[in-house]
Number of protein chains: 2
Amino acid sequence: MPSGIAHAELIAVLVAVTANEPRVMTLRGGEVLPYGPFESKHRSLQSGLRAWIESQTGHPVGYLEQLYTFADRDRDPQNPEDTNGARHISIGYLGLVREQDAAGDGRPAWHDWYRYFPWEDHRDRRPEALDAIAEHLEHWAKGDPLRQQRAEYLFGLNGKAWNEDLALQRYEMMFEAGLADGAGGEGRAVFGQPMVGDHRRILATGIARLRAKIKYHPVVFELMPESFTLLELQRTVEALSGLRLHKPNFRRQIDQQDLIEETGEMSSGTGGRPAKLFRYRPAILEAQSLSGTRLPVSRG
Amino acid sequence: MPSGIAHAELIAVLVAVTANEPRVMTLRGGEVLPYGPFESKHRSLQSGLRAWIESQTGHPVGYLEQLYTFADRDRDPQNPEDTNGARHISIGYLGLVREQDAAGDGRPAWHDWYRYFPWEDHRDRRPEALDAIAEHLEHWAKGDPLRQQRAEYLFGLNGKAWNEDLALQRYEMMFEAGLADGAGGEGRAVFGQPMVGDHRRILATGIARLRAKIKYHPVVFELMPESFTLLELQRTVEALSGLRLHKPNFRRQIDQQDLIEETGEMSSGTGGRPAKLFRYRPAILEAQSLSGTRLPVSRG
DNA sequence: CGTCGATATACTCAAACCGAGTACAAGAAG
DNA sequence: CTTCTTGTACTCGGTTTGAGTATATCGACG
């Protein structure tokens, strides 16, 4: 069997939510996702990565999931990989941690992920960037009905509904249309802060996966502090999904499923009436995380 | 940065449905999944694998999706990989092809996948294997309430409902309990045909993924011939999910979504009244495959 | 002290969806 | 022409879900 030798590395999309903003851990001024060599001293990829992340962030990783393995030849045009005949493989992981915090070696920094994808935040209003994007895409899709239809669908144009789960496909279309980095040349606009190589695509993959995941699995709780109010929980889900939710319905679905229980204490309140504090029910965890636990992600 | 060198290979779970049975392509008498080295002559992993599969099966691959990257150190105990310091990475893919067909180099054969997971087929009756499995698991979980609860949940014991999506978790529990291969020793029973290394686990990953996928994405059509009757479509979904479905409801959901259209012709009939022939609507494909197309997988 | 602003929490209501069952139509086989 | 098998249409009740409304309880401020 020929070759089959490759450079392998791990790359992590580490997410935390602080002050109602979803954040990603980055290096080098925010244009690189944390990555590391594929070492074999640990029993599995997961456990090795987990240890590495904990050394970097100083916090335990609540949830860790393999995202995707990226290995396209033209991944990173600036860094030709065929020189030695071996290819470059990046195994991407999605990790959720409870708090943003400095510490660690490589001066990691947490950044609001909407800095990289400003068009993905629909919590307060339709992002203005969308209008400009729509215009560019229209020009790009001119004469190609399939492209047009797909652009309308992905970006919620012409009365189509916005679907928050399609973050990756949206980014990919923008990349193809030359709107994601300078590669398009010819004076095209660039939206959102670029990252090195395909790191922004990997981040988009993580966002899309997480947005899909929170609807059916109780992973949000990995991002919450020990005790929290229902509104804080809702704000976290909203931060991740980029949508505003309907408060009564959100609460209904939450307590229909017995995912949380009251701690007995009340929040000291930021403004209005004090809210009950809740905690995630760890006992139920195993069974629930298998079955179809649902978090309502619906417009409000 | 240290090492980061690894042996990389691709491994494929190739699925077809023929005569209402889900089949997997295998080599060497059915105990090996098709695999190949990770070559760099193609633009991407996907396209390289696609070409390779088509040369093997003689049929185009309708759908191809990355499954998971397997790289645990103790993946394959018979084949120690630390000898040369490089680790072994398998990038798994799930592929759907339209017909089973011989041809190709390595004398590939298609096998009913329930041969490897007999307890997963609930179409006609509750598999008898489940009783024996339940008994073994009960013994294995004795004194550990978490294990007990999880076993009940995974295998639908004690009145719990069966959930077809949990195929992977079920296999993993059986593996842990020593019921999946001879490794358990001490005269344990072995259920289903074993495969080399972790190939059976990879197959379980593919089955679970496909079962989850068909509920929300119109990928079943990649397994269907050009034109088909509604019952044939239903039988295919049933074959994959391992469940019987409610006919009227299945039909309702199918044509609510405009996924298919009549060809105008009728089936020459296998028994009763001739059925209308339908075809998948290719025009809608792009948009639909993004949105939440639903195929009803419910008991009948 | 009373009102306002803000948040928390409870309740209502209709549309949509979904599981399950029933009834009838149309060809094949005997 | 009866029976079997498959196809197709319809009904019905329960559950889910999106959306709206009403009330409770705090802090702040005049």
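Heavy atoms only: backbone and side chains are in, while hydrogens, waters and symmetry mates are out. Sequence lines set the chain letters: A, B, ... in the order given, protein chains first and strands last, and positions in each chain run from 1.
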Tell me the interatomic distance from B:F250, atom CZ, to C:dA20, atom P, rounded to whole angstroms. 16 Å
Taking CG from A:N249 and P from D:dG20, how many angstroms apart are they, rounded to a whole number? 10 Å
What integer distance in Å separates A:L277:CG from C:dT7:C1'? 14 Å
Working for ring-ring contact (aromatic ring centres under 6.0 Å, His included), residues B:F228 and B:F278: CA-CA 5 Å; B:F228 48 84; B:F278 292 85; 7.2 Å; no
Mind calculating the distance between CZ (A:R251) and P (C:dC11) to the nearest angstrom? 13 Å
Between A:E65 and A:Y63, is any side-chain donor less than 3.5 angstrom from a side-chain acceptor? yes
Any A:R279 side-chain heavy atom under 4.5 Å of A:E226 side chain: yes
Which of the following nucleotides, C:dA8, D:dT21, C:dG21, is nearest to the side chain of A:P248? D:dT21
Please state whether the base of C:dG27 and the side chain of B:R273 form at least one donor-acceptor pair under 3.5 Å? no
Rounding to an integer number of Å, can you tell me how far A:F278 CZ sits from C:dA8 P? 10 Å
Check the angle between the aromatic planes of B:F221 and B:Y280 and answer parallel, tilted or perpendicular using the 30° and 60° thresholds. parallel
Starting from C1' on C:dA25, measure out to CG on B:L230 and report it in whole angstrom. 16 Å
What's the closest nucleotide to the A:P274 side chain, out of D:dG7, C:dT9, D:dC26? D:dC26
Of A:T229 and B:R252, the one whose closest nucleotide on DNA chain C sits nearer the 5' end is A:T229
A:K247 has an atom NZ; how far is it from atom C1' of D:dT23, in whole Å? 13 Å
A:L231 has a side chain; which of C:dT7, C:dC11, D:dT6 sits nearest to it? C:dT7
Could you tell me whether the phosphate oxygens of D:dT17, OP1 or OP2, come under 4.0 Å of any side-chain nitrogen or oxygen in A:Q253? yes
Rounded distance in Å - CD (B:Q234) to P (D:dT6): 12 Å
Side chain of B:H246 only, heavy atoms from C-beta on: which candidate in C:dA20, D:dT8, C:dT9 is closest? C:dA20
Can B:E238 and B:Q234 be counted as having a side-chain donor-acceptor contact under 3.5 angstrom? yes
